[in-house]
Amino acid sequence: MEKLVAILAVIVVANADVYMHNPRGSNNRLDENGRERNNGNRMFDSQNNNRGGYNVGSLYYTAGSVLPIEWTNQHSCGDPNCHCEIVLQYMCGDWVRDGTTTSTIPENPNQCANYDCNTDIQYGMNENFDYYLNCKIRQRQDNLFTADQNLNGETARYTRQNPQGTRRGYECPEERDHYPYWGPTPWMDIAVFTNEPERCEYYQAESQNVKSRWACDLPFSYLQENRNANRNKPVIPITQEACEAVEIENPAGGNATRGVWREYPSFNISAPVCRENHWSRDNHLGNGVNGQPNTFNWTIPNTIHESCALRLRYNISTGEFNGWDGSTTAELNAEGNNQASALDVHTRYGLTAAEAEDRGYVFENNPQVQMFTDAANGDNFELQLAINTAQLGRTFQDRSHTFAIRPKPANVGANTVYNLNVRGKRGNIVQVFPAVEYDFVPNNLEMLPEDFVHPQWTGSNSNPNNNDGQGRQGTDRSNIALLKEQNYPEGTGAYYQPFGVSGQYGNSYPKNLADTTFLGLDAQTLINLAVLQPGQFRGEMSELDDAGTYFDAKPLKVTETGTYHYMCTRNNNFSNRSQKGRMKVGVEQTQYVSIGYTGGNVSTSHSELKFGQGSLDHLEDIKVVEWNPQQGKWEIERVSGSADDIPGDKIESNFITIYPTGQITTADQTFTLRLFLNGSSSDVIELFRSDPQSYTTWEKVDYAREGNALAVETQMGGTYVATGSSNAGKTAGIVIGCIAAAVLIIGGVVYFRMHPEKLSNLTKSGPV
Ligand SMILES: *[C@@H]1O[C@H](CO)[C@@H](O)[C@H](O)[C@H]1NC(C)=O
Ligand SMILES: *[C@@H]1O[C@H](CO)[C@@H](O)[C@H](O)[C@H]1NC(C)=O
Ligand SMILES: *[C@@H]1O[C@H](CO)[C@@H](O)[C@H](O)[C@H]1NC(C)=O
Ligand SMILES: *[C@@H]1O[C@H](CO)[C@@H](O)[C@H](O)[C@H]1NC(C)=O
């Protein structure tokens, strides 16, 4: 009985969706008025709900800047409920465009301007015509899993999820459903997140970023002539042998042309990031931990181009079907596994094949299962399951609108540019669902002085007219105004757990700017952010109605430390919607990185952490904060009341705090921490660790000296610092130790006397 209950629990009906919220995913929309998109086949096959997607979203990002990619996937990922992969890719090309019509780009060149759909700019296009034509008449991989679907043709256009060969833009259905794809594609890989990180090595080795592809080249004119070839007679073979055997007669006589098995070089860029997914739940749009959508901080590559597109695929399958079968190339090798009847459901449920067949435990559409077999308990009924074999393994997708990648501004130097955008669209949560309401992205940003923030957003003028919101019907507008300081200073109160900080906004009015500073920006810049200049000159701007849809403040250098909370004056409407954000400019360097089974590195200016493969058995969000000694001592004094307990005469390194602060690696595994000294002159250097929750004890940690670095193999996060003392001090023991502590206090006081500005930096909470 228990077993049977378990069976029901495990059968998952895959009906999921994926929506990109930053950059805004189109879900095939293009600035249309309806709540439902006009045309789900415009550019690509999303398999998403018609209500999803954003009308517009074209922005530019500077090379090297940080862009949070934010999305929701409706049916969980990083959770045992399904096998799951998220694949992030992008492409840039002169042909990439959004178009001006919601119609699908034609397939027949005669229907396009100048008989060339590639250049007919009224139609949106990512992949181009040549790419689709090749797919349409190319032999499909016939050992792919088809379940009991009857594919309506033998070319790459027909797949289990697309058995009728429906065309969406110029996307290739077979490529869409599979990753890594064996043929050449224009998509460059950014990241792959998977429930099975053991496969990462394979993904990274097979990615077209690093590995060339081979394909059969036939003359383009020949392909065009065969555009409408019989769907059961593929024109382009997919093996070298078959390719080289193709002979095309030359109509003018002379030698026949032969197929050429050609190598398409790799993109020659670094392999994609690959790791576990962050966990997200089933249903409820698929929020992640703390109710936040999942994100990935993408460092914009140096591929300067005005026309690029971002693509996110969400690939899931049920527990019953493991397409990878424990081996990395399983699906391609899964001969005999590509028929429904051959998929072994029975073993999984402890039945013989014959019994399973009899009782409906077979992989087919809507099977009726007989749960009970013994007459006394009722063997006379069958329950129908909602199973669609086309859907038990499924790929969903969203793509951005076209965006540009522009060169890094010359004045940025080694500092970082952080993109600050607005997500969401006009309406209340019901009207916008499955999109989201307005918010700043990221709504919590941490920077160092001299870093840059790049506020930039766009919106649509054609949201449905009855959608709730302020200002003119149907329009999206946003601005930035500094809020009055928060009611509780940072570090007090228990608010804002998701950000790991306390203190809160708690206000609905902007700050009177006459007596404060905001990031150190000049007054004109603050006015520009509030009334969307340049771009707008006067006009009715109380609710920003006369402004254009697009605003770009350009990357702005932040100079003043502090914690700043800001709002959008138009959209923020207490009880209906909130559009507020926080920016912190601190002198501590902070690094965030998510590291899982495959390992990874993170460094700050004076530290380096290395996690080897297998040192973690789950994805861990690691944060590393580096402080200079003066500020570190201040922080310690703030928490524990005294920094005197740190043994040694002199602090010889910066303080490094690693979160989580307890054990990070799995049982018998360690990670390497290298802490670099600040040019030490002490005879004896010792390394200490403490728990930043209290700083009550400083435990001594053994290290290996590597030049200027102290190297430690450890399992533990927490605060680390190196201190020095003289040999004499060492041998004299504990009494001298007490004196040394006294010297340390005096040393600290002297330092602050000599550098009064340092002290004021540390105690000033800054404008908020
Ligand atoms: C989805 O997963 C299946 C295995 O279940 C795999 O064959 C396919 O290549 C994956 N597709 C994508 C887009 O990741
Ligand atoms: C992305 O970076 C921000 C800081 O800018 C950080 O708060 C956030 O945790 C990072 N997200 C991930 C998934 O690493
Ligand atoms: C706040 O938003 C709601 C819903 O859009 C609207 O009815 C209300 O008038 C707004 N409040 C103000 C003060 O404008
Ligand atoms: C906006 O808030 C007001 C006041 O609480 C409420 O009456 C109204 O229903 C809300 N409107 C929407 C669309 O949520």
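Because the structure is a prediction, the values reported are computed rather than measured. Ligands are counted one by one from 1 in listed order, and the atoms in each one are counted from 1 as well.
Backbone and side-chain nitrogen or oxygen atoms of Y179 are examined, and one is located within less than 3.5 angstrom of a nitrogen or oxygen of ligand 1. By the 3.5 Å distance cut-off applied to N or O atoms, R313 is not counted among the residues near ligand 1.
No salt bridge links R176 with E127; every basic N to acidic carboxylate O contact stays at or beyond 4.0 Å. Ion pairing of K211 with E206 is present here, as a side-chain N (NZ or NE/NH1/NH2) and a carboxylate O approach within less than 4.0 Å. Note on E196 versus R199: salt bridge recorded, some NZ/NE/NH1/NH2 to OD/OE distance being below 4.0 Å. Note on R313 versus E171: no salt bridge recorded, every NZ/NE/NH1/NH2 to OD/OE distance being 4.0 Å or above.
Not a single heavy atom of H83 sits less than 4.0 Å from an atom of ligand 1.
Close approach to G469 involves these atoms of ligand 3, each under 4.0 Å from a residue heavy atom: 5 (O). In the vicinity of Q470, heavy-atom distances shorter than 4.0 Å reach the ligand 3 atoms 1 (C), 2 (O), 10 (C), 12 (C), 14 (O). Remark: ligand 3 atoms within the under-4.0 Å shell around heavy atoms of N576 are 1 (C), 2 (O), 3 (C), 4 (C). Those atoms of ligand 3 with a heavy atom of R577 less than 4.0 angstrom away are 5 (O). Remark: ligand 1 atoms within the under-4.0 Å shell around heavy atoms of R176 are 13 (C). Close approach of ligand 1 to N315 (heavy-atom distance below 4.0 Å) involves ligand atoms 1 (C), 2 (O), 3 (C), 8 (C), 10 (C), 11 (N), 12 (C), 14 (O). The D177 neighbourhood of ligand 1 comprises atoms 8 (C), 9 (O), 10 (C), 11 (N), 12 (C), 13 (C), with distances under 4.0 Å to a heavy atom of that residue.
Counting only heavy atoms of the protein, atom 11 (N) of ligand 2 lies nearest to N297 ND2, 3.0 Å. For atom 9 (O) of ligand 2, the closest heavy atom belonging to the protein is Y592 CD2, 3.7 Å.
Aromatic ring centres of Y564 and F518: separated by under 6.0 Å. Between W71 and Y314, the distance from one ring center to the other does not fall under 6.0 angstrom.
For a disulfide, the SG atoms of both cysteines must be under 2.5 angstrom apart; this fails for C82 and C77.
Contacts between E85 and ligand 1 below 4.0 angstrom, taking non-hydrogen atoms only, involve the side chain exclusively.
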Quiz prompt | Pair H21-D439, side-chain contact (heavy atoms from CB on, under 4.5 Å): steps then yes or no | solution = CA-CA 10 Å; H21 303 296; D439 199 359; over 6 Å; no
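Counting heavy atoms only, L445 comes closest to atom 5 (O) of ligand 2 of the residues I622, L445, T295.
With F440 as the aromatic partner, R423 does not meet the cation-pi criteria of under 6.0 angstrom to the ring centre and within 45 degrees of the ring axis.
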